[in-house]
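Worksheet: one structure, shown below.
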Amino acid sequence: MVLKLHGFPMSTCTRLVALICKEKDIPYELIVVDLTKGEHKKPDHTEKQPFGQVPYIDDNGFILYESRAIARYLIKNYPENGTQGLIPSDPKAEALFEQAASVEVSNFNAFAAAVAVEKVFKPRRNLQADEAKVAENIASLKAKLDVYEVILGKQDYLAGDNVTLADLQHLPYGSLLFPAGYGDVFTSRKNVARWWQAISSRDAWNAVKGGA
């Protein structure tokens, strides 16, 4: 039975899972959960995703939610498929991957997501952005990416010289910084710009960046 991905096509978290499916050559069927109609809050959805969010997967009866957990599961459950090494198996390499994955959560995602909420998601609902909040989060993000610049001056990717899930996790929210008007946080830093170009030009991302 083909993997079923229950989510919204343009959801950042849904696209992360779709991205990993593409990287790992895992066929999937998108079961659309229409956020605009509140379908993520309906009982048939919350039975599987109790927080009323997207996405979750149904892999032949195995139900799993939280996009990063799903991504890890897919990489480990389909080890022979597609791109290799997205989660390294060597203990030291895996530890460096875990370090980089923690960096993304703690030092990138929170700030990039906050900017996207104010400058991309709110305007779609005809709401005014909180510019003070935007400025605060952009300032924090710039400081974090200054550190990325140093790290990426020593290696090609955040966990070493090979791409991992830790790098790919940046794509859904990072890509929204461009329509938000802040793509220069990437392009103004030489090493960060090179890294961003490398991950954002991958075939798997190009296949899902417009929708899972």
Side-chain angles (χ1 to χ4, degrees), residues 12-13 15-24 66-72 74-76 79 82-120 133-210:
T12 52
C13 294
R15 284 185 294 151
L16 175 60
V17 174
L19 166 63
I20 300 308
C21 286
K22 294 293 185 181
E23 287 281 355
K24 296 298 291 178
E66 290 297 326
S67 60
R68 288 172 179 79
I70 296 169
R72 288 167 180 260
L74 294 175
I75 291 166
K76 291 191 172 187
T83 307
Q84 301 295 297
L86 293 179
I87 298 177
S89 57
D90 172 78
K92 290 181 180 178
E94 185 176 7
L96 291 171
F97 156 73
E98 292 292 358
Q99 175 179 263
S102 293
V103 165
E104 184 270 333
V105 172
S106 301
N107 296 291
F108 180 82
N109 185 73
F111 307 110
V115 173
V117 166
E118 297 298 330
K119 300 295 285 186
V120 179
K133 189 174 291 186
V134 172
E136 177 184 356
N137 281 283
I138 283 294
S140 296
L141 189 57
K142 286 180 176 179
K144 302 299 185 182
L145 289 176
D146 285 343
V147 181
Y148 275 48
E149 180 71 4
V150 174
I151 295 169
L152 293 167
K154 300 174 182 176
Q155 56 198 44
D156 289 341
Y157 297 96
L158 289 176
D161 288 327
N162 297 304
V163 68
T164 68
L165 173 61
D167 302 292
L168 302 181
Q169 285 175 175
H170 290 74
L171 285 165
Y173 273 114
S175 65
L176 292 179
L177 293 173
F178 289 87
Y182 295 100
D184 64 312
V185 299
F186 296 124
T187 59
S188 63
R189 293 164 174 80
K190 183 180 78 168
N191 299 319
V192 171
R194 184 263 312 152
W195 166 77
W196 180 258
Q197 174 62 24
I199 62 172
S200 64
S201 62
R202 294 179 70 84
D203 290 343
W205 176 243
N206 285 323
V208 304
K209 67 181 182 181

Within the distance-only criterion (no hydrogens, no angle test), does the side chain of [X] pair as donor or acceptor with the backbone N or O of [Y] below 3.5 angstrom?
| X | Y | answer |
| --- | --- | --- |
| N137 | K133 | yes |
| D184 | T187 | no |
| Q155 | G153 | no |

Where at least one partner belongs to residues 189-201, residue pairs that pass salt bridge (charged side-chain N to carboxylate O under 4.0 Å, His left out), sequence neighbours excluded | D146-R189

Would you name the heavy atoms of [X] and [Y] that are closest together and state the gap between them?
| X | Y | answer |
| --- | --- | --- |
| C13 | S67 | O-CB, 3.6 Å |
| S200 | W205 | O-CD1, 3.3 Å |
| V134 | V115 | O-CG2, 4.3 Å |
| F97 | A166 | CE1-N, 3.5 Å |
| S89 | E94 | O-OE1, 4.2 Å |
| P79 | K24 | O-NZ, 3.6 Å |

Chi angles and distances behind the side-chain hydrogen bond (donor to acceptor under 3.5 Å, both in side chains) call for W195, D156 = CA-CA 7 Å; W195 166 77; D156 289 341; over 6 Å; no

Considering only heavy atoms from C-beta outward, does the side chain of [X] approach that of [Y] to under 4.5 Å?
| X | Y | result |
| --- | --- | --- |
| R202 | L171 | no |
| F108 | H170 | yes |
| I20 | L165 | yes |
| T164 | L158 | no |

Residues that F186 engages under ring pair (Phe, Tyr, Trp, His ring centres under 6.0 Å), provided they are two or more places apart | F178, W196

Check L16, N109, V208 against P172 for a side-chain contact (heavy atoms from CB on, under 4.5 Å) and give me the one that passes.
-> L16

So among L74, L86, I75, which one has a side-chain contact (heavy atoms from CB on, under 4.5 Å) with E23?
-> L86

Take atom CG in D161; do more than 12 heavy atoms of anything else shown fall under 6.0 Å from it?
-> yes

Check against salt bridge (charged side-chain N to carboxylate O under 4.0 Å, His left out), R68 and E104 | CA-CA 11 Å; R68 288 172 179 79; E104 184 270 333; 3.0 Å; yes

Salt bridge between E149 and K142, side-chain N to carboxylate O under 4.0 Å?
-> no

What's the verdict on side-chain contact (heavy atoms from CB on, under 4.5 Å) for N107 and L141, showing C-alpha distance, side-chain angles and the deciding distance?
-> CA-CA 7 Å; N107 296 291; L141 189 57; over 6 Å; no

Reported CD1-to-CD distance for the pair I199 and Q169, which is rounded to 0.5 angstrom | 10.5 Å

Measure the CG-CG distance between D203 and L19 for me, rounded to the nearest 0.5 Å.
-> 11.5 Å

side-chain contact (heavy atoms from CB on, under 4.5 Å) between V103 and Y148, intermediate numbers included | CA-CA 10 Å; V103 165; Y148 275 48; 3.5 Å; yes

